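Each remark here refers to the structure printed beneath this line.
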Amino acid sequence: MTASSLSFRLAVLFVIVGMAMGIGMAATQDHSIMPAHAHLNLLGWVSLFLFGIYYERRPALDTSRIAVIQVMLWSIGTVILTIAVAAIHLGYSAADPVAGISSLIVLAAMLMFAYFVFRPAAAIQSGPTMRMTPAE
Ligand code: HEM
């Protein structure tokens, strides 16, 4: 599977869970896990979907193993961070180190992405900016 397909699929799964959390908070009038909801939606839906768009526009990167690893690392970090942040806001302060470690996982994934963005232009094989269909 390409990095973009993986990003889009995981992003949609994350936002479904994030929206369910939002509906749960609204229905119960208990907003204590709001920070976990916000992190899941912004890391898991918005950022991951943006990664997917970036990868889809660079076919050589999209099919590379390193990009898939970046998406997986980001997603694993997001899941652990979301659970840890929820636990902390529900009063389980023991989850603090877990949140700390998972935040470093997410940072590592972002540093990988930064490498893709900043590496020399010659190493990046961009896809065509415009797709043309031959006339019949
Ligand atoms: C069914 C969809 C959703 C529902 C029902 C929902 C519900 C909520 C609720 C009840 C809160 C707590 C508000 C408060 O305590 O002040 C909240 C906060 C938040 N939500 Fe959602 N949400 C939904 C989708 C989303 C999505 C898709 C995103 C991001 C793309 C998002 C991002 C946020 C953020 C960033 C906050 C924190 C806002 C703040 O700090 O005041 N939510 N949401």
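Every number for a ligand or one of its atoms is a count from 1 in the order of the listing. Owing to the predicted nature of the structure, the values given are computational and were not obtained by experimental measurement.
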Ligand 1 versus His31: contacting region, heavy-atom distance under 4.0 Å: side chain
Side-chain heavy-atom pair Arg9, Met1 within 4.5 angstrom cut-off: yes
Close side-chain approach of Thr2 and Tyr55, heavy atoms under 4.5 Å: no
Tell me which protein heavy atom sits closest to [atom], plus the residue, atom name and distance to 0.1 Å.
atom                    : result
atom 41 (O) of ligand 1 : Met34 CE, 4.2 Å
atom 30 (C) of ligand 1 : Val46 CG2, 3.6 Å
atom 19 (C) of ligand 1 : His37 CD2, 3.4 Å
atom 9 (C) of ligand 1  : Met25 CE, 3.5 Å

Option from Thr78, Ile83, Val79, Val85 for which side chain to side chain contact (heavy atoms under 4.5 Å, CB included) with Leu81 holds: Val85
Result of checking Leu90, Ile88, Thr82 against Ile33 for side chain to side chain contact (heavy atoms under 4.5 Å, CB included): Leu90
If you measure from [atom] to every heavy atom of [options], which option wins on shortest distance?
atom                    : options                    : result
atom 5 (C) of ligand 1  : Gly22, Gly44, Gly18, Ala20 : Gly22
atom 34 (C) of ligand 1 : Ser47, Pro35, Gly24, Ala38 : Ala38
atom 27 (C) of ligand 1 : Leu42, Asn41, Ile23        : Asn41

Aromatic plane relationship, Phe49 with Phe8 - under 30° parallel, 30 to 60° tilted, over 60° perpendicular: tilted
Parallel, tilted or perpendicular: ring planes of Phe51 versus Phe113, cut at 30 and 60 degrees: tilted
Test side-chain contact (heavy atoms from CB on, under 4.5 Å) applied to Ile105 and Met110, step by step: CA-CA 9 Å; Ile105 294 174; Met110 187 53 92; over 6 Å; no
Interfacing atoms of ligand 1 (cut-off 4.0 Å, heavy-atom, Met19): 1 (C), 2 (C)
